[in-house]
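To start, the structure itself, in structure tokens.
Side-chain atoms are counted along with the backbone in the values below, which use heavy atoms only and exclude waters and symmetry mates. The chains referred to below are lettered A, B, ... by the order of the sequence lines, with proteins before strands, and numbering in each begins at 1.
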Amino acid sequence: MSYLKNAWTMAAWDEEVKPGALLARTLLDQKLVFFRDAQGVAHALDDRCPHRFVPLSAGRVCDDGQAIQCAYHGLRFDGSGACTHNPHGNGKVPAAARVRSWPLVERHSILWIWMGDPALAEAARIPDFSALDPAHWHVGKGYLHARANYVLETDNILDLSHIEFLHPGTLGSDAVKHAHTELRQEGQTVWSMRQTENEVMPDFLYQAMGLPPGLRVDRWIDVRWDAPASMLLDAGATPTGRPRSEGRQNFLPHLFTPETATTTHYWFGIAFPKAMGEQGAALARQQTAALRVPFETEDLPMLELQQRALGDTPFWDHHPVLLASDAAAVRARRLLDQLIAAEQGGRAA
Amino acid sequence: MSYLKNAWTMAAWDEEVKPGALLARTLLDQKLVFFRDAQGVAHALDDRCPHRFVPLSAGRVCDDGQAIQCAYHGLRFDGSGACTHNPHGNGKVPAAARVRSWPLVERHSILWIWMGDPALAEAARIPDFSALDPAHWHVGKGYLHARANYVLETDNILDLSHIEFLHPGTLGSDAVKHAHTELRQEGQTVWSMRQTENEVMPDFLYQAMGLPPGLRVDRWIDVRWDAPASMLLDAGATPTGRPRSEGRQNFLPHLFTPETATTTHYWFGIAFPKAMGEQGAALARQQTAALRVPFETEDLPMLELQQRALGDTPFWDHHPVLLASDAAAVRARRLLDQLIAAEQGGRAA
Amino acid sequence: MSYLKNAWTMAAWDEEVKPGALLARTLLDQKLVFFRDAQGVAHALDDRCPHRFVPLSAGRVCDDGQAIQCAYHGLRFDGSGACTHNPHGNGKVPAAARVRSWPLVERHSILWIWMGDPALAEAARIPDFSALDPAHWHVGKGYLHARANYVLETDNILDLSHIEFLHPGTLGSDAVKHAHTELRQEGQTVWSMRQTENEVMPDFLYQAMGLPPGLRVDRWIDVRWDAPASMLLDAGATPTGRPRSEGRQNFLPHLFTPETATTTHYWFGIAFPKAMGEQGAALARQQTAALRVPFETEDLPMLELQQRALGDTPFWDHHPVLLASDAAAVRARRLLDQLIAAEQGGRAA
């Protein structure tokens, strides 16, 4: 499997890396260990002691958060990957006793990692997820582990026509099939937009949005995609014929990072304005929990069936029949393929 | 694994494919979905939507039984494999949107499938299982899934000498070892026949046959084999010295179809004459349930041990020591090997 | 995986092979079946019937312990591997109907097997485990199955510095880190010796040794290694400054035999003098049970993590950082590699 390496991709929610604890997680086939140092700065190291190769994540944070200690023979490493302590023999640290440290940036509730050439890791290239800025938003934070390739996940979110068939009782409404759709590309960002007009929504959506039940609305779901698989949904509804600014709007992140070629980390959620106070926090929690149900019980099984059907054969080699609804997903796939090919050709993407 | 393709093989009991429901089953490494249309005719399609490759068996029967609908994006296909509905875009059905349909014939309680060249699929080539004709017989219908190659199953039934060692408490009797055995071949059909004389049978056999306990009998078990692995047992007993027509006789089907090279679908049962009325139906059910016990708890574990011992190495490459009791099984293996070789050489078997 | 074949290695504790029972065990990737004949002599045969390849261990001991019978079609084999009975046809035994028998010697509570050229299998080459002679010792006998390569187990025992980090609450003491260590080689035997002086041991060690709590002692743990992985620990403590003969001493066997390249049979225990009577027998049982806890819950998980990290890549290809504490383990690894290379070069080791 070829991955896009020179790109920021989500490694974890900020809160997944807790002070004093180690988080083991594999990204792009690379086993990593995450920890926060005494200053609260999160670090990502290769999860493998260079002495006897056991996972450092089996060990513990030590030295007041300045290092982590291997559980087997006690070597210690700091956030830069340097060995800071060898308890054996004369205590001299062998030159080879170090582990790789990866660029990691905490921004807008997300820990972003750069799995490529560190010289190219400019934080300015992180996609804009200020819609999850904890200073202004209560962010509901969900996580699922999918046994499917991450691009299948991208396909799924960029073609929401599946809602009618896969989520009829949870996320769907008859109007979804009548949505006007539009594909747009700006630089290396792809937008897939759905617009319905004068719709009566399912009851739960009025409740979720805080709109009067039965009100006829114009509804939109605009999906933004950045390589490799970082997506933000701008979803809302406004009384029929009124501008979006008079309606209700939510931002829903869907970010995917490959664990392996056939398994994916899936972070999702929903943000409510901090101005709503405790009610906004509660809504963020409740709706993230509610979204988890169809994502886990309807999308994941379908994506896993799809992955099993594809096996080890590359997607395009299966010669999929393409439908009108595939336009955005195909655009993103082609763009991702180009970025990976460019990177492997020796040029930075 | 090379399979015999141009041959009818069992796909299911008739009753396994129910109106309004989908049955997913893999045969010869091919994932298939079965359904009955509004006219009650059973169909077999490739279990894979050509759009996003998820199994059609995850969907549902629709259009009053005339089609099945994919669970992911709603494409519909009829029994011929043609796409009858595309809910996306302008609704036009892409030319490539079709799935393969396989010849399927329902006869004598069995759904027979032809996994080779459809032009050669003549129903006249279906082996004679009129002994299971539901017009004249109550047919007890059992099914087991075996983690062993299907030819090991053939070997097992064609060499019933194993009953003495593997089934001493259930199917065996001291007389089995003294049986006279005979091997016969008629065209591409192999017969393995066992005959005992003046035998006192185990109690349960008198009960099963409706004969007076302790009566001395001549007993026979004649096994008929047709490629790839369709077998019918003609089993019975008659008072010592009397013709078979004066005794009791049952037909017991044992049909095997490879799921994969190392797993097998195993259908078995026993038929009682319809003239016996409800008692015959009850006996068919009870004795099929009783037979299931040794088949599942004694034969299957032994065959799975054998499969594990063989691994991926072809059977003959293990250089088995051959015993007198292997004659029929070896004959059937050689014949099957010839049929497969002839088919792969470009000539229909 | 290349194994050392021309060497005695542990196959089982004497008591694991019981009269009238069959023991199935894989050693060096070879499936074996063990049984005791009527004279109490243990035998090791290939666990595979040459007729239909099912494991002989699925069968039973027969003929008053003189043979074992295959469960499928009843062939019988004696301890030499010869077929003694064919119940089929005219009963003649085909010349090819035999299984391989392996040299097996029972000595000092252990069944030793020779998996190489039988002409070289001299019992004089069995390492000295007279410290487990049941005539003089009560031997506590433990067994664990490890999902790790056997040489990782050797490494673990030859570098007891891990006790401080992996077993702080069970086997460790602050003094372990201050131990004086010494590496010695005598012929093809490697010794790794640890000596602490004037130590206050953890409470449980005083209890285990029968010494007054808090007594200052000089403590030793001397580990003896013979290829492929047979180790004997000589462990004891004596009042500070006194000769070893005035202290307490125990012998603890740690023997490993590869099951496969990534799984290992692990036999361990502790011996107490028979002169102690029933109390010695009880101590052997109790302390073996107590040792099992850290071995199973601390060592095994760490070794399995290590094995998973190594995967299929040979150990040295991972370029381990070597520490002072690795000296003995590295010496034994190098010696083992040389023995295997010599054997594969055509010369007996």
Side-chain angles (χ1 to χ4, degrees), chain B residues 148-149 151-169 172 174-183 192 194 294 297-330 333, chain C residues 1 22-33 45-63 67-78 80-101 259-261 263:
Chain B
N149 178 269
V151 191
L152 300 181
E153 298 277 0
T154 299
D155 292 345
N156 190 56
I157 302 297
L158 284 173
D159 177 9
L160 295 178
S161 78
H162 76 268
I163 290 178
E164 178 184 350
F165 304 100
L166 193 55
H167 309 296
D174 280 351
V176 173
K177 78 176 76 170
H178 303 116
H180 172 74
T181 60
E182 191 187 337
L183 164 64
S192 171
R194 302 184 80 79
T297 64
E298 294 171 344
D299 287 294
L300 248 57
M302 188 56 67
L303 288 160
E304 294 177 9
L305 286 171
Q306 194 182 3
Q307 178 61 53
R308 265 187 272 163
L310 292 169
D312 294 330
T313 307
F315 180 78
W316 291 114
D317 292 358
H318 288 271
H319 305 294
V321 168
L322 295 181
L323 307 178
S325 48
D326 289 309
V330 168
R333 274 191 177 268
Chain C
M1 183 81 204
L22 296 171
L23 172 69
R25 180 163 282 166
T26 296
L27 302 178
L28 287 65
D29 294 324
Q30 186 73 37
K31 288 171 201 272
L32 302 171
V33 57
L45 303 180
D46 275 357
D47 190 16
R48 174 184 167 101
C49 180
H51 171 227
R52 284 278 157 177
F53 314 119
V54 299
L56 293 171
S57 57
R60 60 184 185 86
V61 177
C62 62
D63 296 340
I68 62 178
Q69 176 178 288
C70 180
Y72 198 6
H73 298 92
L75 295 185
R76 297 183 186 178
F77 303 89
D78 67 16
S80 76
C83 178
T84 58
H85 181 61
N86 168 15
H88 304 278
N90 62 8
K92 190 163 174 293
V93 172
R98 57 176 301 115
V99 293
R100 182 164 184 175
S101 170
E259 180 184 58
T260 67
T263 57

Atom [atom1] in [X], atom [atom2] in [Y]: separation rounded to 0.5 Å?
{"X": "Ser161(B)", "Y": "His88(C)", "atom1": "OG", "atom2": "NE2", "value": "4.0 Å"}
{"X": "His51(C)", "Y": "Leu323(B)", "atom1": "NE2", "atom2": "CG", "value": "4.0 Å"}
{"X": "Phe53(C)", "Y": "Gln307(B)", "atom1": "CZ", "atom2": "CD", "value": "12.0 Å"}
{"X": "Leu305(B)", "Y": "Cys49(C)", "atom1": "CG", "atom2": "SG", "value": "12.5 Å"}

*Only counting residues at least two apart or in another chain, list the ones meeting side-chain contact (heavy atoms from CB on, under 4.5 Å) with Arg100(C).*
Asp46(C), Trp102(C), Pro118(C)
*Kindly write out the residues that satisfy side-chain contact (heavy atoms from CB on, under 4.5 Å) with Ala261(C), not counting sequence neighbours, or none if the list is empty.*
Met1(C), Tyr3(C)
_Using side-chain heavy atoms (C-beta onward) and a distance below 4.5 Å, is Arg48(C) in contact with His318(B)?_
yes
*So, do Val321(B) and Leu75(C) sit near enough that their side-chain heavy atoms are less than 4.5 Å apart?*
no
*Check whether more than 12 heavy atoms from other residues, nucleotides or ligands sit under 6.0 Å from atom CZ of Arg308(B), and answer yes or no.*
no
_More than 12 heavy atoms from other groups under 6.0 Å of CG on Asp317(B)_ = yes
What part of [X] is in contact with chain B, defined as an atom under 4.5 angstrom from a non-hydrogen atom: side chain, backbone, both or neither?
{"X": "Arg52(C)", "result": "both"}
{"X": "Pro50(C)", "result": "both"}
{"X": "Ala71(C)", "result": "both"}

*Which heavy atom in Ala324(B) sits nearest to a heavy atom in Gly89(C), and how many Å separate them?*
CB-CA, 3.7 Å
*Could you tell me which portion of Asp326(B) (side chain, backbone, both or neither) has an atom closer than 4.5 angstrom to a non-hydrogen atom of chain C?*
side chain
*Is it the side chain or the backbone of Leu322(B) that comes within 4.5 Å of chain C heavy atoms, both, or neither?*
backbone
_Centroid-centroid under 6.0 Å between His162(B) and Tyr72(C) rings_ = yes
*With respect to chain C, which residue among Pro301(B), Ala309(B), Pro320(B) yields the maximal number of heavy-atom pairs within a distance under 4.5 Å?*
Pro320(B)
